[in-house]
**Student:** 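Once you've had a glance at the structure underneath, I'll fire off some questions.
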Amino acid sequence: MYEEIAKVVRNCGKIAVLTGAGISAESGVPTFRGKEGLWGKFRPEELATMDAFMANPEIVWEWYNWRRQLIGEVQPNPGHYALAELASEIDDFSLITQNVDGLHRAAGSREVLELHGNIMFNKCVKCNRRAPEDIDIDPSNIPACEHCGGSLRPDVVWFGEMLDREVISEAFRAAETCELFFSVGTSAIVHPAASLPISAKQAGATLIEVNPERTPLSDLADYYLAGPSGEVLPQILEALREHS
Ligand code: OAD
């Protein structure tokens, strides 16, 4: 199977990859859905919406500080590294992620389309400007934007919010023009990200899914690779190198 996939990869000049929380699971970052998922323990509408932030910014910031601390302590895993290395083997490679943990960059991926933002950055709730890095947020005394005085919030996309127009357009362009699309570690149910593999397939790309569990995408995929991405992706890379 890996030999066959290596051949498909080798014959493609243009590859796009979409990752979700599952690729960071082996680093120790909890996913959102599933038995141990964050949304089984916390209510998204109380923590990840503008209404929640307006009603109770302190609680929202406490939750994001907890996640920041957790993410600050973890390292990329072999799945992140395999994608960074794959990029160097392919002429045209786009990496799109729903993750806000920054682990793809930490693994050496240079260009990453972060659809849902990055948890380590802050932005203004009013004027939307990104705040300087490295501001520690005290939830009981939230700093104000230096431009307009609005409260600072994490630079992530909350439920009900639009994605950055340029970032999502670039992601669709990559999906619709690639020859091979990988969907890795995502439950493939949150749109618009979940539309990317479907658009790629409709435009004629081969679709490969990597996930230990089946998803709504599995039946559409040309190859469904059941397993953790930290094992499956390095095996693809290894097969690719053996074949070149
Ligand atoms: P989910 O938590 O919905 O799904 C994680 C997926 O990863 C599941 O399909 C798991 O089977 C799979 N998985 C678990 N361990 C894995 C491993 N070791 N290797 C590969 N796959 C594994 O996470 P997302 O699909 O990323 O949005 O969720 C999408 C969005 O929903 C998130 O970006 C977030 C959330 O609400 C916002 O916060 C806006």
Side-chain angles (χ1 to χ4, degrees), residues 17-53 60 63-64 66-68 70-71 74-83 95-104 107 112-121 123 153-164 167-168 171 181-198 207-221 223-237:
V17 180
L18 171 69
T19 65
I23 195 165
S24 297
E26 288 154 90
S27 293
V29 183
T31 60
F32 292 94
R33 296 168 186 82
K35 274 200 292 292
E36 297 297 317
L38 291 172
W39 296 150
K41 297 180 184 135
F42 302 98
R43 294 165 139 263
E45 64 275 21
E46 286 172 7
L47 296 165
T49 63
M50 183 60 103
D51 284 352
F53 187 74
V60 172
W63 192 66
Y64 277 96
W66 168 71
R67 285 182 63 205
R68 274 185 179 179
L70 190 154
I71 287 167
V74 303
Q75 301 296 329
N77 67 58
H80 297 105
Y81 288 116
L83 288 180
L95 180 55
I96 308 159
T97 189
Q98 297 164 89
N99 300 344
V100 295
D101 56 31
L103 288 177
H104 284 302
V112 188
L113 293 169
E114 293 178 315
L115 296 179
H116 293 163
N118 188 310
I119 197 169
M120 295 304 181
F121 291 97
K123 68 176 181 181
R153 55 165 280 183
D155 191 0
V156 297
V157 175
W158 281 332
F159 288 99
E161 293 184 327
M162 304 283 283
L163 276 59
D164 181 281
V167 175
I168 190 67
F181 191 100
F182 281 91
S183 177
V184 181
T186 174
S187 54
I189 54 172
V190 176
H191 290 271
S195 306
L196 292 166
I198 298 165
L207 179 58
I208 300 181
E209 181 177 48
V210 179
N211 197 315
E213 313 274 342
R214 291 186 74 83
T215 73
L217 212 58
S218 308
D219 285 339
L220 195 70
Y223 299 91
Y224 166 64
L225 304 177
S229 45
E231 292 172 21
V232 173
L233 295 174
Q235 288 191 62
I236 295 176
L237 191 67

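In what follows, every heavy atom counts, from backbone to side chain, and hydrogens, waters and symmetry copies are set aside. Order of listing sets the numbers, starting from 1, for every ligand and every atom in it.
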**Student:** Would you say the side-chain atoms of H116 pair up with the backbone N or O of Q98, donor to acceptor, closer than 3.5 Å?
**Tutor:** yes
**Student:** When you measure from the side chain of S183 to the backbone N and O of L18, does any donor-acceptor pair fall under 3.5 Å?
**Tutor:** no
**Student:** Counting only heavy atoms and a distance below 4.0 Å, can you name the residues contacting ligand 1?
**Tutor:** G20, A21, G22, A25, E26, T31, F32, R33, W39, Q98, H116, V157, F159, G185, T186, S187, V190, N211, P212, E213, P228, S229
**Student:** Donor-acceptor pairs under 3.5 Å, side chain of residues 28-43 to any protein atom, not counting sequence neighbours: which ones?
**Tutor:**
{"residue": "T31", "atom": "OG1", "partner": "R33", "partner atom": "O", "Å": "3.1"}
{"residue": "K41", "atom": "NZ", "partner": "E36", "partner atom": "O", "Å": "3.4"}
{"residue": "R43", "atom": "NH1", "partner": "E45", "partner atom": "OE2", "Å": "2.7"}

**Student:** What are the two closest heavy atoms between W158 and M50, and how far apart are they?
**Tutor:** CE3-N, 3.6 Å
**Student:** Of all heavy-atom pairs between I23 and N99, which one has the smallest distance, and what is that distance?
**Tutor:** CG2-ND2, 3.4 Å
**Student:** If I compare all heavy atoms of A193 with all of P197, which pair ends up nearest, and what's the gap?
**Tutor:** O-CD, 3.4 Å
